[in-house]
Amino acid sequence: MDKFLIEGGIPLEGEMVTSGSKNAALPLLAACLLTGEPVVLHRIPQVRDIATMKKLLAHTGASIEELGAELGDGSVRICAANLLHPEAPYDVVKTMRASSLVLGPLAARSGTARVSLPGGCAIGARPINLHVMGLEQLGAEIVQSHGYIEARAPGRLRGAHIRFDRITVTGTEDMIMAATLAEGETVLDNAAREPEVADLAELLTKMGARIDGAGTATIRIQGVDQLHGAEHTIIADRIEAGTFMIGAAITAGDVLVKDCVPAHVAGLTAKLRQAGATVVEAGPAALRVRGSRRLRAVDVTTEEYPGFATDLQAQYLALMTQAEGISFITETIFENRFMHVSELAHMGASIRIEGSQAIVAGPRPLSGAAVIASDLRASASLVLAALVASGETLVDRVYHIDRGYEKIEEKLAALGARIRRVKSK
Ligand code: EPZ
């Protein structure tokens, strides 16, 4: 397993270009299953989860053409003309639980979908009961056996009024996709408002879908008989942008984060400013972040968008280990998203966990150590801590970070960080 060797104490300085959003690319790739015509997507990040989703689409029978040579890295053409195997097998799903995103498209397009039940992961049980509930309300018959969820819709799905008991991002995305080909109108209440949902709706609309209200809590979809091909450039990765913004703050550096969407990181921007960092908009798609050696402790509670993103909680917690005072970090989305805390404590941080709250006492000088990544965002937290720690840190199991960050060590090194990948034997 690859490791990162990082020497801390160097401020990040310079500029970085944000990649396309992993959490937009995943549903948008799944949306290609809804038509037999080619769909071209640009700015797809080259990360492990995307490679897994491409493998899954190929398994179903879709063709995938990498267009990097002619249209630049990250461009792909997907054509799902022949859906021979409308299923997501266990060996794919076990490495990427977002495979549940193909449930809706396959059920809607081919009348049947067979998806291995995604297990839990480090951060929580991650059930998909709300996806199942939505599909049943659209008229699919759901059978669960041998670790698989099978959705059968012999006739066409029928529009329904679906209210989510709790906000679910991929649940919302799954149901939007299923509803685009259903008979009649579907209304989604208590829908997720994340920017990735709106980006999915933009692609689907280009494909001929009729969707209103994406990005709000109530989304209306008028079903159509079929969808056609389209071309789309996906939005910037707001979590990558936020991670580098925190990198500038924690190292007292000065980083220009380019090709991002400032509105998508407004929650983080407000907290960084309160903590004493300087964040200024440098044009319509860039933010300049300057850190400070004297940061103030500022509490955070994670919430669904537009609240403070749970996917930035681990990174922000690392920052608070360097802030003066006590900060309360409350995680409301997942039940076990403090796996980074023990590793940060191993580096010298002072953090106490009480239920869904982590209480951080700062500032505490961090010292380099051997630490182990447990999940995608926890690994980003450990990298950020290593950048400010004295001495060398060895972060193990960086395959977690490779799931969702494109060329992270190159981007950090270009900002002056002393980081290198130690290949496993
Ligand atoms: C998406 O996961 C993101 N992944 C996650 O990013 C992100 O942390 C999460 O949304 C919350 O913002 C992708 O978009 C691919 P949820 P998702 O359904 O859709 C519970 C990252 O780091 N729930 O919004 O799986 C669930 O257990 C990843 O990039 C049910 O109970 O999250 C959780 O407590 C990690 N039943 C809460 O809802 C369901 O059927 C929110 O989950 C579905 C979800």
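In listed order, ligands and their atoms are each counted from 1.
- Nearest protein neighbour of atom 2 (O) of ligand 1, counting heavy atoms only, is Arg126 NH2, 3.5 Å.
- Of all the heavy atoms of Arg337, the ones lying under 4.0 Å from any atom of ligand 1 belong exclusively to the side chain.
- Residue-to-ligand polar distances keep Glu194 apart from ligand 1: every N/O pair is separated by 3.5 Å or more.
- A donor-acceptor contact under 3.5 angstrom links the side chains of Glu231 and His42, judged on distance only.
- The nearest protein atom to atom 15 (C) of ligand 1, hydrogens excluded, is given as Asn23 OD1, 3.4 Å; this is a heavy-atom distance.
- Both the backbone and the side chain of Leu130 come within contact range of ligand 1, each with a heavy atom under 4.0 Å.
- Atom 34 (O) of ligand 1 has its closest protein heavy atom at Ile333 O, 2.6 Å.
- Atoms of ligand 1 lying under 4.0 Å from at least one heavy atom of Ile128, given by number and element, are 39 (C), 40 (O).
- Using a 4.0 Å cut-off between heavy atoms, Thr168 contacts ligand 1 through both its backbone and its side chain.
- If you check which protein heavy atom lies closest to atom 24 (O) of ligand 1, you get Val169 N, 2.8 Å.
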Run the numbers on Arg421 and Asp2 for salt bridge (Lys or Arg N to Asp or Glu O under 4.0 Å), then give the verdict. CA-CA 7 Å; Arg421 183 180 291 260; Asp2 290 4; 3.1 Å; yes
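- Atoms of ligand 1 found under 4.0 Å from any heavy atom of Asp311 (numbered from 1 in listed order, with element): 5 (C), 6 (O), 7 (C), 8 (O), 21 (C), 22 (O), 28 (C), 29 (O), 35 (C).
- When all heavy atoms are compared, the tightest approach of Thr243 to Leu384 is O-CD2, 3.8 Å.
- At a heavy-atom cutoff of 4.0 Å, ligand 1 is contacted by the side chain of Lys22 but not by its backbone.
- Any N or O atom pair closer than 3.5 Å counts here, and Glu335 shares no such pair with ligand 1.
- Side-chain contact, Gln357 with Thr330: a donor N or O sits under 3.5 Å from an acceptor N or O.
- Each of Arg43, Gln46, Lys411 was evaluated against Ser19; a single residue qualifies, Lys411, per the side chain to side chain donor-acceptor pair (under 3.5 Å) test.
- A side chain to side chain donor-acceptor pair (under 3.5 Å) with Thr302 is found for one member of Gln313, Glu331, Arg337 and no other, namely Glu331.
- To the nearest 0.5 Å, atom CD1 of residue Ile162 and atom CE of residue Met133 are 6.5 Å apart.
- Residues Ala214 and Val197 approach most closely at CB-O, 4.5 Å, considering heavy atoms.
- No heavy atom of Glu196 sits closer than 4.0 Å to any atom of ligand 1.
- Residue Leu26 has at least one heavy-atom neighbour below 4.0 Å for each of these atoms of ligand 1: 15 (C).
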Show the numbers, then the answer: is there a salt bridge (Lys or Arg N to Asp or Glu O under 4.0 Å) between Arg220 and Asp212? CA-CA 5 Å; Arg220 291 176 186 283; Asp212 290 307; over 6 Å; no
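- Scanning all protein heavy atoms for the shortest distance to atom 22 (O) of ligand 1 gives Arg377 NE, 2.9 Å.
- Heavy atoms of Thr170 found under 4.0 angstrom from ligand 1 belong to the backbone as well as the side chain.
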Evaluate the criterion salt bridge (Lys or Arg N to Asp or Glu O under 4.0 Å) for residue pair Glu240 and Lys22; output intermediate values, then yes/no. CA-CA 9 Å; Glu240 182 197 31; Lys22 164 188 81 92; over 6 Å; no
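- Among all protein heavy atoms, the one lying closest to atom 39 (C) of ligand 1 is Pro127 O, 3.1 Å.
- Between Leu376 and ligand 1, no N or O atom pair is found at a separation short of 3.5 Å.
- For ligand 1 and Thr310, the ligand atoms under 4.0 Å from any heavy atom of the residue are 8 (O), 11 (C), 12 (O).
- Regarding atom 38 (O) of ligand 1, its nearest protein heavy-atom neighbour is Arg166 NE, 3.2 Å.
- Shown in contact with His131 at under 4.0 Å from a heavy atom are these atoms of ligand 1, numbered in order with element: 40 (O).
- If you check which protein heavy atom lies closest to atom 26 (C) of ligand 1, you get Phe334 CE2, 4.2 Å.
- Between His264 and Tyr305, the ring planes lie perpendicular to each other; the angle is over 60°, past the 30° to 60° tilted range.
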